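Worksheet: the structure to be examined is printed underneath.
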Amino acid sequence: MKRFFLTTAIDYVNSRPHLGTAYEKVCADVIARYKRLCGFETRFLMGNDEHSQNVFKKASEEGLDPLKYCDQMEQEFRRTWKRLDVSFDDFIRTTEPRHRAGVTEITNRIHAAGDIYEGVYEGWYCVGCEEFKQEKDLVDGNCPLHPTLKPEWIKEKNYFFRLSKYQQPLLDHFAAHPEFLQPDVRRNEILRLIEGGLVDISVSRAGQSWGIPLPFDPESVVYVWFDALINYASAVGLGGDQEMFARWWPADLHVIGKDITRFHAVIWPAMLMSAGLKLPQQIFGHGFMTMNGQRMSKTLGTIVDPIVAADRLGHDPLRLYLVKEVTFGGDGDFSWERYDERYNVDLANNLGNLVNRVTAMAHRYRNGRVVPAGETSSRLRDLPNEVATCYRRAMDAFAIHEAAASVFRLIDATNLHITETAPWTLAKDPASADRLTQVLFDAAEAIRLAAVLLEPIMPSSSREILRRVGVSPDALLFERDGRWRSDGERVLLQEGPLWPRKELTTVSENPLPPGAPGAHPAPAPSTAAPGTAPGTAAPSTPAPGAAPAGGDRISIDDFMKVELRVAKVLAAERVPKSNRLLKLQVDVGTEQRTLVAGIAEAYEPEALIGKTVVVVFNLKPAKLMGVESNGMVLAASPDGGKPTVVSFETPPPPGTRVR
RNA sequence: GCCGGAGUAGCUCAGUUGGUUGAGAGCACGCGUCUCAUAAGCGCGGGGUCGGCGGUUCGAGUCCGCCCUCCGGCACCA
């Protein structure tokens, strides 16, 4: 039997799943379900990434044993995926023994291949800064902050993977397998990156306990990224169940977010090459979901909880939105208004209403029983199989949005078919009895086919529709069920609307703040200034249910940890070769400090001199473009806009505490 | 700044290797209409200098050049 093994990225467990993570799982699930429909023995893997220092920290903060914390998060993730009907076959955690076995195996193989060397972390070191310096940070070979001190060339023990060795093999692989990384934008980006040269990467961390020990040096643990990638292989038995591994490896598809393509399309294949293992067939880097055009962020309140979204209209409507409204591979936007709109149009008005009217007519005119009794009307003669073909072509190319849209062409055609044949007119003339029967049969058959095609996207709704049109929803197979059929009697069930229409007047149920676009039932667009399309200046809109739970707020003590002070800018200049950074000399009352601010796009250095601003006084120093920054200037940074520094109507003296 | 992508109706986008597109779909909006149906369905309509300027061509949204704007990737976003 043909097999298909696909994976999603494993998720960091330091925060709960949001709509962005859900998006990836749903899209992968659509592909998995489609492959099953096509008769593939399918294995769909998901999981959690637990060996992160952030996880360790987060657990400690909550006073939990890290593993206990991860146990809780696993339940959280599983609950979410279950709610969205994500049909994973396996769920791996990187703290499981089988994963440790896989990591150990592959690390040993790479080591044996001579591609891991106990090296040194080498680099320039400025004693003045107590920091490593990159070559490019140095000016004339000297630290820009301490030009009188000669930087030292320092070495520190570490383990390295010879990634550089795989530049050419990777380029060859990309050339031989154009489909290896999709979509093309991602592929080109990565190709340029590889062409630009690869440097060996550190694969170990010393002095840490949270992680998998390096087999040949238990004092070190495997670096979290190296560790995480291996989950795909350890989940199917690498280092353990040989038979299983032989059966499922290599993976057919890794579905990942575009932010981590580099790890999956460069490091991971190189690791596999080194270990003498096959490379995955394909990697697909999907885009991100935004909320009202803004990136999902906790502080902006633009996080959408997938469970809340599923609770609003149902998990299938949410899945349909994610799949149909977003070009798979590109970024997509979610808004509650659009979500409601798509629900009404696609599901209530078109598909749901179609099922309802056809089952109602079948009952009114034929006691629910329909059989083929003549010729199929022209509207439905060729289109259904065309749609099925188009759908498959799209699905096979992972154009899942196109596949979804194509099904609605069939649904629209069926509504047209009913208008054109007017069963209610046929019913008045006994001579048209057979014609009426056939018209109803055709409609029922079209609905059946649409439901089969929708199964990967809306599994439970699909089954419900199939049940209503008198077809067994079990064990669907594309070869048999995915094209027009005119066999047998169908007994239709009339059970009322599947998706009740959501009236637009209920927008007030949307948890939109007053003043947000869409919060007014009857806006007057004609009075809007040209170019100010509603929504462009949308303030952040909290997700429903994301009402300030105590957990997201900090205590006054937390806030008091941040020492904000009034500061006066004494000098300002551009950081060389930087287009965003300004180097500022400020008076913070007790002393003068140098700090770097990313506001060069909005402020000329001269304009800042003498200005009174607010700085974070007790921030750890950081070096940016080689300049050490001791503090941070507070500024408002609108998405896509230029920053504005916080200032005063009547400037207080430098050093004044701000709280 | 470098590399890549994109700028087409109010919104989201199709437009294949230049010519049956003297510019299309869906949503929204307006009008009409059937009545099986969830005030749903179906039909008609308004509305666009196809980012700007120049060029190649018998002919360009579709090719070339320059410019503008937006997005993404990388490099500095404390």
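Note: hydrogens, waters and symmetry copies are ignored here, and every other heavy atom, side chains too, is used. Convention: sequence-line order gives letters A, B, ...; per-chain numbering from 1. Source: prediction; values computed, not measured.
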Presence of salt bridge, A/E189 and A/R262, under 4.0 angstrom: no

Salt bridge flag under 4.0 Å for residues A/K502 and A/E341: no

[X] near the nucleic acid: base, sugar-phosphate alone, or nothing, with a heavy-atom cut-off under 4.0 Å?
{"X": "A/A360", "value": "sugar-phosphate"}
{"X": "A/N415", "value": "sugar-phosphate"}
{"X": "A/N350", "value": "sugar-phosphate"}
{"X": "A/M361", "value": "base"}
{"X": "A/P500", "value": "base"}
{"X": "A/Y365", "value": "sugar-phosphate"}

Which nucleotide in [options] has an atom nearest any side-chain atom of [X]:
{"X": "A/K258", "options": "B/U35, B/G72, B/U38", "value": "B/G72"}
{"X": "A/W424", "options": "B/C36, B/G72, B/A40", "value": "B/C36"}
{"X": "A/R342", "options": "B/C42, B/G26, B/C36", "value": "B/G26"}
{"X": "A/V345", "options": "B/A37, B/C42, B/C27", "value": "B/C27"}

Watson-Crick and G-U pairing of RNA chain B written in dot-bracket, each distance under 3.5 angstrom, with | for inter-strand partners: (((((((..((((.....[....)))).(((((.......))))).....(((((..]....))))))))))))....

A/R262 or A/L354, whichever maps to the more 5' nucleotide of RNA chain B: A/L354

Most 5' of A/E325 and A/N188 on RNA chain B, judged by nearest nucleotide: A/N188

Check the distance between [N]'s [atom2] and [X]'s [atom1] and give it to me in whole angstrom.
{"X": "A/L416", "N": "B/C34", "atom1": "CG", "atom2": "P", "result": "18 Å"}
{"X": "A/Y339", "N": "B/C27", "atom1": "OH", "atom2": "C1'", "result": "18 Å"}
{"X": "A/W499", "N": "B/A37", "atom1": "CH2", "atom2": "P", "result": "19 Å"}
{"X": "A/I447", "N": "B/A37", "atom1": "CD1", "atom2": "C1'", "result": "11 Å"}
{"X": "A/L347", "N": "B/G41", "atom1": "CG", "atom2": "P", "result": "13 Å"}
{"X": "A/F408", "N": "B/U12", "atom1": "CZ", "atom2": "P", "result": "21 Å"}
{"X": "A/L181", "N": "B/G73", "atom1": "CG", "atom2": "P", "result": "15 Å"}
{"X": "A/L193", "N": "B/C74", "atom1": "CG", "atom2": "P", "result": "9 Å"}

Separation of the [atom1] atoms in [N] and [M], to the nearest angstrom:
{"N": "B/A9", "M": "B/C53", "atom1": "P", "answer": "16 Å"}
{"N": "B/C67", "M": "B/C74", "atom1": "C1'", "answer": "25 Å"}
{"N": "B/G18", "M": "B/C31", "atom1": "C1'", "answer": "39 Å"}
{"N": "B/G61", "M": "B/G48", "atom1": "C1'", "answer": "12 Å"}
{"N": "B/C66", "M": "B/U16", "atom1": "P", "answer": "23 Å"}
{"N": "B/C27", "M": "B/A40", "atom1": "P", "answer": "12 Å"}
{"N": "B/G26", "M": "B/G4", "atom1": "C1'", "answer": "30 Å"}
{"N": "B/C11", "M": "B/A28", "atom1": "P", "answer": "16 Å"}

Is the closest side-chain donor-acceptor distance between [X] and [Y] under 3.5 Å?
{"X": "A/R357", "Y": "A/N415", "result": "yes"}
{"X": "A/D316", "Y": "A/S460", "result": "yes"}
{"X": "A/D442", "Y": "A/Q438", "result": "yes"}

Test of ring centre spacing under 6.0 Å for A/F288 and A/Y23: no

Sole candidate of A/T389, A/L410, A/T376 that passes side-chain contact (heavy atoms from CB on, under 4.5 Å) when paired with A/P384: A/L410

Parallel, tilted or perpendicular, as decided by the 30° and 60° cut-offs, for the rings of A/Y339 and A/F334: tilted

Ring geometry between A/H286 and A/F328 (parallel below 30°, tilted from 30 to 60°, perpendicular above 60°): parallel

Side-chain N or O of A/R192 closer than 4.0 Å to phosphate OP1/OP2 of B/C3: no

Any A/R186 side-chain N or O less than 4.0 Å from OP1/OP2 of B/G72: no

